[in-house]
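Report on the following structure.
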Amino acid sequence: MGYVDALSRDSRRVLLAQVLLTLLIAGGFGFARGLPAALAALYGGAITISITGWLARRVRQAGQVPSPGAGLVVIYSSAVVRYAAVIVLVGTGIGLLKLSPLPLLSAFAVTQFGFLASWRAPRGVAGPGR
């Protein structure tokens, strides 16, 4: 399995974890506070999922450019665009769409932990329980 295949597998794993976390948080807020809070949580999770998809796409593109310097430009420019997108999307959700800030920001923050789905110890490293 090549690097691109491993990257795609890890990206899918992270996105799946983020989708599951989003649905879990939205369900919890929906149960506790009703449909408007659940929709706000879905929106917050969707922000994280969309920027994660953007990140995966740009990292894959950076690996395909001819020089390492050009790859860094792709990754750094992507980071700036992602931060700007988060600010605009969160602002739109809270300001324009009048979504509840607590569920929106909670789902956004918790779904970031979906990145832990791609974390694992390197092969051959012994640790507790291995």
Side-chain angles (χ1 to χ4, degrees):
M1 177 181 323
Y3 175 73
V4 174
D5 295 331
L7 182 64
S8 294
R9 186 190 66 237
D10 286 345
S11 297
R12 281 192 302 269
R13 185 180 302 140
V14 168
L15 286 167
L16 178 62
Q18 289 177 335
V19 167
L20 294 174
L21 285 169
T22 298
L23 293 174
L24 182 67
I25 294 165
F29 272 108
F31 180 74
R33 295 192 173 185
L35 183 61
L39 293 175
L42 285 173
Y43 183 85
I47 293 171
T48 300
I49 293 164
S50 62
I51 63 169
T52 299
W54 178 260
L55 172 65
R57 181 173 166 255
R58 296 299 284 184
V59 168
R60 197 172 19 247
Q61 286 176 346
Q64 297 171 349
V65 295
S67 71
L72 284 176
V73 169
V74 169
I75 289 177
Y76 283 130
S77 64
S78 172
V80 171
V81 171
R82 282 192 345 257
Y83 282 118
V86 167
I87 291 167
V88 168
L89 291 170
V90 168
T92 299
I94 295 172
L96 187 65
L97 300 176
K98 306 290 187 215
L99 297 173
S100 178
L102 180 64
L104 190 153
L105 294 173
S106 296
F108 175 77
V110 171
T111 54
Q112 295 293 325
F113 287 109
F115 278 105
L116 295 176
S118 69
W119 180 74
R120 61 185 175 277
R123 292 180 187 209
V125 175
R130 291 180 213 199

Starting from [X], walk the hydrophobic network (Ile, Leu, Val, Met, Phe, Trp, Tyr; side-chain heavy atoms closer than 4.5 Å) and list everyone else you reach, by chain and number.
X: Leu72; answer: Tyr76
X: Ile87; answer: none
X: Leu39; answer: Leu15, Val19, Leu23, Leu35, Leu42, Ile49

Worksheet item: In terms of hydrophobic clustering (I, L, V, M, F, W, Y; side-chain heavy atoms under 4.5 Å; direct or indirect links), are Ile51 and Leu21 co-clustered?
Response: no
Worksheet entry | Candidate pair Ser78 and Arg57, rule side-chain contact (heavy atoms from CB on, under 4.5 Å), full reasoning | CA-CA 10 Å; Ser78 172; Arg57 181 173 166 255; over 6 Å; no
Item to complete: Would you mind listing every side chain to side chain donor-acceptor pair (under 3.5 Å) that reaches into residues 14-40, with sequence neighbours excluded?
Response: Gln18-Thr52
Worksheet entry | Summary of side chain to side chain donor-acceptor pair (under 3.5 Å) pairs that have at least one residue in residues 37-49, sequence neighbours excluded | Thr48-Thr111, Thr48-Gln112
Would you tabulate the side-chain donor-acceptor contacts of residues 91-108 under 3.5 Å, counting partners in other chains and residues two or more places apart, or write 'none'?
from	atom 1	to	atom 2	distance (Å)
Thr92	OG1	Val88	O	2.7
Lys98	NZ	Gly95	O	2.9
Ser106	OG	Leu102	O	2.6

